[in-house]
Q: 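I'd like to ask some things about the structure below.
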Amino acid sequence: MAGADGASAALQRRDLCARGIRLAGKMRSDVVDLLEAYAERQGLDASASVAAVEGVPAAAVERWDEQTGTQRLLENLAAYRAFRALLAQMLEEHREQLGEADTALGRALAAVLLQVSAFAYHLEELLRLESRGTPGQEEEEEEEDGPPPQPHGLFEQKLRGLGVLRELAQWAVRSARDLRQLAKPSPAASSAPGPAESP
Amino acid sequence: DSHVQYERVGADVTMKCGSMDWDAAVTWTANGTDIDESHLNGSYLILKNVDLMQSGQYSCYEGSSWHLKYQTYLRVGTPPKEPVLMCRSNNYPKGFYCSWHLPTPTYIPNTFNISVIHGTKEMVCEKDAVPKNRCHIRYLQLFSTVKYKVTLTVTNPLGKNFTTLTFDEFAIVKPDPPESVVAKPVPNNPRRLEVSWQNPSSWPDPESFPLKFFLRYRPLILDQWQHVELSDGTSHTITDAYAGKEYIIQVAAKDNDIGTWSDWSVAVHATPWTEEPKHLTTEAQITETTSASTSSFMAPPTTKICDKGAMVGSGAVAVCWTAGLVVAAYSVLFI
């Protein structure tokens, strides 16, 4: 790879990472507000321990510092695609419960869903940049695993919603950290072989 | 035979002289000093309502032979109260530490046992050599929503107690204060102070986990602090300092995304740059007898302000109109 291309890709990556970090920060702030409003509305304790919910991607990770750049992006992308589906389901349930009444909570849910979609798209762009020169990767296509499992009762729905928002808030913090790692000018940050080391 | 005996403060203690009969003639000593017979019931030593001062070595000797028949070390103390436990991560994302102490001393040896559970997993908290009442844990997972539960049990020969702390990974993150805070005047700028500092050395990776900072400053003569929050960089220029006043300045740090603010750094003092008075040592000697004024507010002493004929008004508020003009002119100049 020519040196200029490598430098340009690095700059692009840094720029995308910086924007992604800002997006993640805003998203986290909105999710935290939404979490509090949601818990209050549903009569739940926002800080109560909720067991791991099926279909909700957990942000918890071991050996986080050893992950490669591509690994980080793939895990983030899978998570946000899942959150997109989960939030869409929550919005649907919310509308079913309240009819078409446009509540503040409904609007906040929709706003967060939009941010999650935007962030997923942003991650796809970063992944395309990282994978440049390695065609045929399945992450270039939408992963459709089917709709998330449907909770049965109303209380289950509420608990699940709490679990979704809590993990999403955690992911937003993790994503900012992941992008900072990615933005570092280090050969270990990417799985693809980089250009010759420049001084 | 010799052993240790633990008793609670306020307890009544009865000591037997080994295998000697109740009616045997014995002498008891406490730390080598004979104990009065009034404390004896037969050969038993009775200590009522013991206090801390009664801790010591108690020995029982057979009456005539002075053979040592029994010896014990009495330690008077209390069972432990609920311990105070604190956990904190000042080196995120490496791990966290927990430290503890008892709110009141027990005066006897205590053993501390700590357990850390994360979900279903039991984690090992490695005890620090120094200080003794502290242990540390490495994070095995990051970004977990599962809470940590830390239980500290304290045990001594008179009883036990415990306390439990439950927290999120993010909630206990609190960096150490910034280090090497320096404040300097800015040449030719009487209202500026340049402040710089460094990340705390215990924070392992400021590049990936950047800190933000909070600066506070005030002149020594005032109580009210000014505050500035800084999202990046380790320096700041104060531009609204009062000229010539000594300032006290401190900085605190926080992870950009999670946790709480550190304690305030060590305070530094600085005074903004002031201009050196130019004519102090030379012309003052020449002009000491003349009317050259050093302050614009004072009229030259030899200048006649007014005479009685020029007075306006009467009584206590009589004002010489010439003086009034002079004062009015200076007032306008300095509004």
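Protein chains get the first letters and strands the later ones, always in sequence-line order, with residue 1 at the start of each. Since this is a predicted model, take the numbers as computed values, not measurements.
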Q: For B:L142, which atoms come within 4.5 Å of any heavy atom of chain A: side chain, backbone, both, or neither?
A: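 Both backbone and side chain.
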Q: Step through the shown structure and confirm whether more than 12 heavy atoms of other residues, nucleotides or ligands are within 6.0 Å of CG on B:D240.
A: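 Yes - once you tally the heavy atoms of other residues, nucleotides and ligands closer than 6.0 Å, there are more than 12.
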Q: To the nearest 0.5 angstrom, please state how far the CZ atom of A:R180 sits from the CD atom of B:E207.
A: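 So the CZ of A:R180 and the CD of B:E207 are separated by 10.5 Å.
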Q: Around atom NZ of B:K149, are there more than 12 heavy atoms of other residues, nucleotides or ligands at under 6.0 Å?
A: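 At most 12 heavy atoms, drawn from other residues, nucleotides or ligands, come within 6.0 Å of this atom.
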Q: Report the distance from atom OG of B:S144 to atom CD of A:E167, rounding to the nearest 0.5 Å.
A: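 So the gap between those two atoms works out to 7.5 Å.
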Q: To the nearest 0.5 Å, tell me how far A:L162 CG sits from B:T145 OG1.
A: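 One finds 10.0 Å between CG of A:L162 and OG1 of B:T145.
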Q: Can you say whether A:R28 sits under 4.5 Å from chain B via the side chain, the backbone, both, or neither, judging by heavy atoms?
A: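 Just its side chain gets close to chain B.
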Q: Do NZ/NE/NH1/NH2 and the carboxylate oxygens of B:D205 and A:R177 come within less than 4.0 Å?
A: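 Judged by the 4.0 Å cut-off on N to carboxylate O distance, B:D205 and A:R177 do not form a salt bridge.
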Q: Of all heavy-atom pairs between B:F170 and A:Q170, which one has the smallest distance, and what is that distance?
A: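 B:F170 and A:Q170 have their closest heavy atoms at CE1-OE1, 3.5 Å.
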Q: About how many Å separate OH of B:Y139 and CG of A:D65, when rounded to the nearest 0.5 Å?
A: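 Output value for this atom pair is 14.0 Å.
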Q: Quick one: does A:Q181's side chain have a donor or acceptor within less than 3.5 Å of a partner on B:S208's backbone?
A: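 Such a contact is absent between A:Q181 side chain and B:S208 backbone.
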Q: Verify the neighbour count for atom CZ of A:R14: are there more than 12 heavy atoms of other residues, nucleotides or ligands below 6.0 Å?
A: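 12 or below, so no.
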Q: Could you go through A:W64 and B:F209, starting from their C-alpha distance and side-chain angles, then the distance that decides it, and tell me whether this counts as ring-ring contact (aromatic ring centres under 6.0 Å, His included)?
A: CA-CA 13 Å; A:W64 172 84; B:F209 296 83; 5.5 Å; yes
Q: Does B:K254, at its NZ atom, have more than 12 non-hydrogen atoms belonging to other residues, nucleotides or ligands within less than 6.0 Å?
A: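 Atom NZ in B:K254 is packed in, count exceeds 12.
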Q: So for atom CZ, which belongs to B:F162, do other residues, nucleotides or ligands contribute more than 12 heavy atoms lying within a distance under 6.0 Å?
A: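 No, the 6.0 Å shell around CZ holds no more than 12 heavy atoms from other groups.
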Q: Give a yes or no on whether A:E40 atom CD has more than 12 heavy-atom contacts from other residues, nucleotides or ligands under 6.0 Å away.
A: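 12 or below, so no.
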Q: What do you reckon, is NZ of B:K94 surrounded by more than 12 foreign heavy atoms closer than 6.0 Å?
A: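 Count not over threshold, so no.
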